[in-house]
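The structure appears below as structure tokens.
In what follows, residues are counted from 1 in the order of the sequence shown. Quantities reported herein were computed from a predicted structural model and do not represent experimental measurements.
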Amino acid sequence: MSGFAFASPAILFALIALPAIWWLLRLTPPRPRSEVFPPLRILATILKREETPAQSPWWLTLLRILLATAVILAIADPVINPRNNPLASGGPLVMIVDNSWASAEDWERRVQTADLMIGDAADAETPVSLTFTAEASHDAIPTSAIVARERLAAARPKSLVPDRLRAARAVTEALNGTQPGTLVYLSDGIATPTDGDMLTALSSLSPRDMQLIEGDGQKSLALTSATNNAAAMSVAATRLKTETAQNFTVNALDQQGRSLATGTLDFAAGANTATATINAPFELRNDFARLSVDGIATAGATHLLDDGFKRRRIALLSGDSGNDFQPLLLPLYYISRALEPYADLIQPRGGDLAASLREILTSNPSAIVMADVGRLPEESYAPLQQWLNRGGTLIRFAGPRLAAAPADDPLVPVRLRQGERALGGAMSWADPQPLAAFPNFGPFAGMAAPTDITVRRQVLAEPTPDLNERTWASLADGTPLVTTREVEAGRIVLFHVSADATWSNLPISGNFVEMLRRLVQLSRAGGAAEPQAGNAGAPALPPYRLLTADGILSTEVGSARPLAAKVGVTPFASLDNPPGLYGSEEGFTAVNLLPANATLSPFDPSAASFPIVRQGLAGGEAWSLRPALFASAFFMLLLDTLIVLFMNGGFARLPRAGRAAAMLAVMVGALAFAPTGDLHAQTPPQETATGTLAQTQPPAAPQPGRSAPPAASQQTPDPNAPIEHAKPGDEAILERLDTTHLAYVITGEGDVDRISEQGLDGLSQFMTYRTTLEPGAPVGVDITKDELSFYPIIYWPVSATAPMPSAAAISRIDAYMRSGGTVLFDTRDQFSSLDGSGGTSPNGERLQQILANIDIPPLEPTPNDHVLARSFYLLNNFPGRYNGSPLWVEARQDARNQGTALSSSGDGVTPILITGNDFAGAWAVDAQGNSVLPTVPPDDMQREHAFRSGVNIMMYMLTGNYKADQVHVPALLERLGQ
């Protein structure tokens, strides 16, 4: 479709008459000029000879010749880039039209092209078979050109990928063996997987002529995926034409269609894929509703976003703060590494669990992850339960603390047995268990069964009738690994293993990342809950908003069917489920046109078994010169008329004002055909008194309620201004940091507090004499308000008659223990029944009340190989004023169950010590250095061992498991005489 042609070339024979017209015009002189008979004027001109012209001026004759030529050419109808595709005779015209998403940009030109071909068929009285590739049903039976034009006018592009093979089969069935004359395929130019089969089916029709008509494809561009990373959003796109480098702007729109942020797609020459980065804050990115390419209005250039795209805000809590110098042993290390690419993480700034939960719930996170948190403060259960009821997701991991927690914990999905189950080792009959295949329901459905994961320890669930329904993952022996329970609009999920690698190697596997990612996607985001389509029997999602071919969301859902979406499976567009949003206003799932990582490639007609004539679209390319020629002829006719009137004195009879008006009309008529442009007046710049350009601007007046801005000199800080003085109490803080002090809890009972002070003072003197440590004076602390982090250990004499500490005070003690501090509880009654044997003293009952709101780890009596028994002195027991109570410490999981010689788990010092031997009573000395209280029974060696126990405790607090290093084993054996 290129070149130049005349629609009526026979009219050009009229150009032969142009010489005759020229001759006639030259022989036709202008009309003689008539004058009034003035006698004197005749006498003045009597000697002049006659000068009447014999013919018209040459330039006027040329103008009239050009006018006649323009009229003849206009009647001949010259056309630029005329169509030159005659239809083959002997069969119907078969037209297959792609009305896919890629045809939306130039749909009008496609309709014009098809209409012209239908017009050719109408002139030849040939039937027309018209089929569209993106329609749900096809009517390919040949019909009249009038009906075909009506169907063409009613057709619209669809937001779908064309199904060409289905259309070709419909044409084959409709023709029923009739051989088509001309087969025209109006393609969108983009390849599909079934193109080869489609061309094979069309070749079987044996058309006499086949034409392939395509557009330029410059706006065939599609967004394929969007990833909401930690710092920005990345958008992937693909294009059809790759000859030149191109830049496109990607707009991120909210639900009202307002642009919130932009990014740039930079396609290099020869590349058909590119990635744009949209930098925006986390909160702003969560308001993105869809992405669109600026200047391209197609369904492919629009990418819909739903709740699954939004980044969740995840809070992380741990029962043990761990040691930052050994990050691999931190409970939250693997969780944070797994969730960082998919969510924004929140970690509490302090160790107070009650305060941390209040701070976290204020930010309204999508999910909270708890790693080995066994017992929460009493006041935290109610707000956490309310957060769950509103749609929060609580993900918990087991550990020693959870294994020792009460069995009636309301924040676990199933009832747990106390203690943990060990798999493997000398004390177990069972071997470490691998994971079983994931069930076909739940968020892990579809994941490959892991083969390299083994579990060495777990917490067990009590068997219940609905345990299988609540189990999302299990071990090979059938015991649950991940269980769940719905709590109104929220959900609780429990991993029955720890979050670190001590109980299993699940946290260091790739499956751990995918499992956490899928669980996070179940949580609420942006106030709209994601449909729980992964559960068995979940209802299908009805169409809520559908995407048109122009990239606009519409409420007209048409014949779209409900979407049977599954968690973890990205839905794709089809005839039954076109692109759009499925669900409701409260929650929906987005279905986009193309899958992730899709690419656009040109349509390849080489599979056809006969030659194909390739052409471009008509419409805008072919245009007629007839209107321009007729306009030029009219302008020349008007100009000729004005010239003749002027030469014959037509304007001489008009008054002066009339002649001026006539000339003005001529000028206006001439300017009407002249090109127009924008006229700008140039404003001269204003000059100041010095001659330089100046731009005056009124001074900004102060707004109501605000003072005027200070002068520049006032904003400059005074270098001689005094600096801020130190705050009151800083000297005491610096003294606490510079010198180690032993601290005790002020109970409010004078006798108890005096013995505590004297006891710690006696231990400080003993340590000064026997060790290189020189502690300062003992410090009594008020746990309700004093800073506790200055002290490595706090001695707490438990008294049943003292006031019960408040919940806030207990929370501060819990935070102190989580942050690495240790509390030595002393019931001072020579009695301890933490193992459940015997009765309980009043002081022991008060201790149980205090510990009821503290998340303490499992406890055990100090083993003989514990660091406490060799941190300074070699000890077999830890007596005080009494010698009947064991010293309880945090249970060592690895040492107790595997029989190793490790002194403690990881590098953590036990956060709690419990005894009933009255250490302070044995350590207490008066001002003269004499013992205040006798030992029971009276024994100086027992008091000596009590002091040595205190030294070992302090050294253990200050050095941790340093003495557990194997390098000290030979020295210890030598001292033991072995």
Side-chain angles (χ1 to χ4, degrees), residues 83-100 102-103 110 113-122 124-145 147-149 151-152 155 157-158 160-215 217 240 574-575 600-618:
R83 294 177 56 251
N84 188 20
N85 50 348
L87 301 179
S89 60
L93 169 64
V94 177
M95 297 189 66
I96 301 177
V97 181
D98 280 344
N99 61 331
S100 61
S103 64
R110 293 175 180 273
T113 302
D115 184 73
L116 290 174
M117 304 197 75
I118 294 176
D120 295 340
E125 297 182 355
T126 301
V128 180
S129 172
L130 182 61
T131 307
F132 299 95
T133 60
E135 297 291 343
S137 60
H138 299 294
D139 183 9
I141 299 176
T143 183
S144 65
V147 176
R149 274 180 167 162
R151 292 182 54 200
L152 178 64
K158 305 292 184 180
L160 293 169
V161 175
D163 191 349
R164 295 163 180 163
L165 179 59
R166 186 164 170 265
R169 290 173 177 172
V171 169
T172 303
E173 182 179 355
L175 293 180
N176 194 21
T178 302
Q179 183 181 11
T182 298
L183 193 154
V184 179
Y185 175 38
L186 195 56
S187 172
D188 61 10
I190 301 176
T192 63
T194 62
D195 289 346
D197 297 334
M198 182 268 292
L199 291 173
T200 302
L202 295 181
S203 299
S204 64
L205 298 176
S206 301
R208 292 177 174 83
D209 177 32
M210 182 171 181
Q211 299 178 14
L212 174 63
I213 303 177
E214 296 176 315
L240 180 62
S574 62
L575 286 173
L600 302 182
S601 57
F603 174 76
D604 184 11
S606 60
S609 60
F610 51 87
I612 298 179
V613 179
R614 304 188 71 162
Q615 303 185 53
L617 295 176

Closest approach of [X] to [Y] (non-hydrogen atoms, all atoms of both residues):
X: Pro92; Y: Thr126; answer: CA-CG2, 3.7 Å
X: Gly90; Y: Arg208; answer: O-NH1, 2.9 Å
X: Tyr185; Y: Ile96; answer: CD1-O, 3.3 Å
X: Pro157; Y: Ser103; answer: CB-OG, 3.8 Å
X: Val128; Y: Ala121; answer: CG2-CB, 3.7 Å
X: Arg151; Y: Leu130; answer: NH2-O, 2.9 Å

Full working for side-chain contact (heavy atoms from CB on, under 4.5 Å) between Arg110 and Asp188: CA-CA 10 Å; Arg110 293 175 180 273; Asp188 61 10; 4.3 Å; yes

Check: Ala140 main-chain N/O paired with Ser129 side-chain donor or acceptor under 3.5 Å: yes

Backbone of Ala134 reached by a side-chain donor or acceptor of Asn99 within 3.5 Å: yes

[atom1] of [X] to [atom2] of [Y]: how many Å apart, nearest 0.5 Å?
X: Leu617; Y: Thr113; atom1: CG; atom2: OG1; value: 4.5 Å
X: Phe132; Y: Asp139; atom1: CZ; atom2: CG; value: 11.0 Å
X: Asp604; Y: Thr192; atom1: CG; atom2: OG1; value: 11.5 Å
X: Met117; Y: Leu186; atom1: CE; atom2: CG; value: 9.0 Å
X: Leu87; Y: Ile118; atom1: CG; atom2: CD1; value: 10.5 Å
X: Arg149; Y: Ser144; atom1: CZ; atom2: OG; value: 10.5 Å

Crowding at CZ, Arg166 (>12 non-hydrogen neighbours, <6.0 Å): yes

Gln179 atom CD, neighbour heavy-atom count above 12 within 6.0 Å: yes

Close side-chain approach of Arg614 to Pro605, heavy-atom, < 4.5 Å: yes

Close side-chain approach of Pro602 to Leu240, heavy-atom, < 4.5 Å: yes

Check against side-chain contact (heavy atoms from CB on, under 4.5 Å), Met210 and Leu199: CA-CA 11 Å; Met210 182 171 181; Leu199 291 173; 4.3 Å; yes

Note: Asp197-Arg164 ion pair, threshold 4.0 Å (strictly below): no

Sole residue of Ile612, Val613, Leu183 in side-chain contact (heavy atoms from CB on, under 4.5 Å) with Asp209: Val613

Side-chain H-bond candidate by donor/acceptor type, Asp98 with Ser100, under 3.5 Å: no

